Amino acid sequence: MIGFNVAPFVGKEFTYIQEAISAEHICGDGLFTKRCNQWIEEQTGAAKALLTTSCTHATEMAALLLDIRPGEEVIMPAYTFVSTANAFVLRGAVPVFVDIRPDTMNLDESLIEAAITERTRAIVPVHYAGVACEMDVIMDLAEKYNLAVVEDAAQGVMSSYKGRPLGTIGDYGCFSFHETKNFSMGEGGALLIRDQEHVEAAEILREKGTNRSKFFRGQVDKYTWVDQGSSYLPSDMNAAYLWAQLEVAEEITKNRMASFALYRQELEPLEKQGLLDLPVIPRDCKHNAHMFYVKARDLKERTKLIAFLKEKGVQAVFHYVPLHTAPEGQRVGRFVGEDRFTTKESERILRLPMYYGLKKEQVQYVAEKVREFYGK
Ligand SMILES: *Cc1c(COP(=O)(O)O)cnc(C)c1O
């Protein structure tokens with residue numbers, strides 16, 4: 001059986017977790033959290049990176065920091081994970097969904113302007129599969145209409161757009177280190193803050209509304225409750241697990257990129273014959289091989305392909321019921337424009353096994369079975 005995902009594990013995780021325990025610091029913001037934060041800052045150039053308990057929580061922090069109010073609107077793709085919308089729905093905001101582009105599955109930047117109203121506060125681009133949205137267009141619109149931009153870069157760690165790391169282009173960027181992502185700590189994430197002026201508020205919010213971070217830096221002589229807040233910092237044991245992978249992030253990415261390239265090479269003949277579609281990577285985007293997907297002709301064919309692969313010992317999965325068609329999305333959200341691609345493409349997409357350490361022979365086996373399904 002070739003599973004769809006295997007959580008990344010590089011070997012040093014046990015040692016580092018043991019070190020965290022030996023240092024008698026297993027709560028948040030210990031040695032390993034600091035290392036991870038610093039690594040992200042150096043890697044991306046963000047003014048500040050703060051490890052969080054999840055990408056979901058990082059996005060909630062962004063919504064709180066932007067002081068999103070009930071009735072305000074936030075524009076996002078209809079094709080995304082629920083957390084993108086929930087973070088703003090929890091603040092009483094209305095998620096305004098727009099259609100996606102069929103090539104990258106990212107929100108169609110040409111449809112954003114028509115969705116902007118007097119109540120719009122933010123745009124939330126989701127970099128699907130670690131492939132960047134058209135950020136120049138999005139940032140121009142944000143400037144023109146004075147909107148905030150929160151990048152859902154859950155899948156975009158180590159990806160970039162025109163040389164700029166994802167998560168650092170908008171006001172805030174959100175990473176995920178969930179078990180299913182390229183780098184993991186089980187459950188976890190990070191909030192990336194572009195501008196220095198917003199760092200202090202984020203630190204306070206993340207530390208239960210206290211100025212604890214300032215206190216530890218020796219900048220204030222007592223620590224106290226200074227604003228509203230919650231607890232968004234992960235245990236240093238989780239950070240220790242993540243640190244083992246960030247140390248070898250280049251190697252992990254190289255390994256995934258090799259699987260991606262091999263899948264493409266093996267399946268290109270089917271694409272040339274018009275039997276299925278493969279991922280499109282625009283020239284301005286450097287991706288991270290977060291996933292490899294194929295697109296069947298329609299839902300019926302995809303269902304058959306999943307069953308065929310399962311029979312051959314290959315686990316392939318699909319995701320995202322379009323949010324505007326989900327019960328909660330219908331209750332609290334609004335779709336602007338026409339659903340030309342969101343539903344159709346979401347019914348065609350199928351993700352093939354992709355993880356660090358996936359073997360060459362396994363990729364070849366999976367591709368062979370896909371070709372077999374199409375009679376090639
Ligand atoms: C995984 C993912 C999330 C949620 O990440 P968590 O760390 O599990 O909260 C949000 N958005 C997208 C696009 C994701 O892929």
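Note that this is a predicted model, so its numbers are computed, not measured. Whatever order the structure lists them in is the order used to number ligands and atoms, beginning at 1.
- Under the 3.5 Å distance criterion, with hydrogens and angles disregarded, a donor-acceptor pair is assigned to the side chains of Y16 and E247.
- The residues R331 and E328 are annotated as salt-bridged, a charged nitrogen and a carboxylate oxygen being separated by less than 4.0 angstrom.
- The part of A154 lying near ligand 1 is the side chain, judged by heavy-atom distances below 4.0 Å.
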- Message: Assess the residue pair H319 and V317 against the criterion (side-chain contact (heavy atoms from CB on, under 4.5 Å)); give the C-alpha distance rounded to whole Å, side-chain angles, the decisive distance to 0.1 Å, and a yes or no.
- Response: CA-CA 7 Å; H319 63 175; V317 304; over 6 Å; no
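- Between R164 and D136 there is a salt bridge, since at least one side-chain N of the basic residue sits less than 4.0 Å from a carboxylate O of the acidic one.
- Heavy-atom proximity to Q155, at under 4.0 Å, picks out these atoms of ligand 1: 13 (C), 14 (C), 15 (O).
- Atom CG of L141 has more than 12 neighbouring heavy atoms from other residues, nucleotides or ligands inside a 6.0 Å radius.
- More than 12 heavy atoms of other residues, nucleotides or ligands sit less than 6.0 Å from atom CD of Q273.
- Atoms of ligand 1 found under 4.0 Å from any heavy atom of K181 (numbered from 1 in listed order, with element): 1 (C), 2 (C), 14 (C), 15 (O).
- Proximity to V126 (heavy-atom distance under 4.0 Å) selects the following atoms of ligand 1: 13 (C).
- In terms of polar-atom proximity, E187 is not counted as a contact of ligand 1, lacking any N or O under 3.5 Å from an N or O of the ligand.
- Each of the following atoms of ligand 1 lies closer than 4.0 Å to a heavy atom of Y320: 13 (C), 15 (O).
- Close N/O approach between D152 and ligand 1 is found [any backbone or side-chain N/O within under 3.5 Å].
- Every atom of ligand 1 with a heavy atom of C55 under 4.0 Å away is listed here by number and element: 4 (C), 5 (O), 6 (P), 7 (O), 9 (O).
- A salt bridge links E200 with K214: the closest approach of a Lys/Arg side-chain nitrogen to an acidic carboxylate oxygen falls below 4.0 angstrom.
- Looking at ligand 1, you'll find an N or O of T56 within less than 3.5 Å of one of its N or O atoms.
- Within the 4.0 Å heavy-atom shell around ligand 1 one finds G188.
- Residue S54 approaches ligand 1 through these ligand atoms, each under 4.0 Å from one of its heavy atoms: 7 (O), 9 (O).
- Relative to atom 4 (C) of ligand 1, the option among F177, Y128, F81, F175 with the closest non-hydrogen atom is F81.
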- side-chain hydrogen bond (donor to acceptor under 3.5 Å, both in side chains) between E301 and Y374: does it pass, once the steps are laid out? CA-CA 10 Å; E301 187 179 273; Y374 285 101; 2.8 Å; yes
- Message: I'd like to know whether H198 forms a side-chain hydrogen bond (donor to acceptor under 3.5 Å, both in side chains) with D171, so could you lay out the CA-CA distance, the side-chain angles of the two residues, the decisive distance to 0.1 Å, and finally the verdict.
- Response: CA-CA 9 Å; H198 298 131; D171 301 70; 5.4 Å; no
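- In terms of protein heavy-atom proximity, atom 7 (O) of ligand 1 is closest to S176 OG, 2.7 Å.
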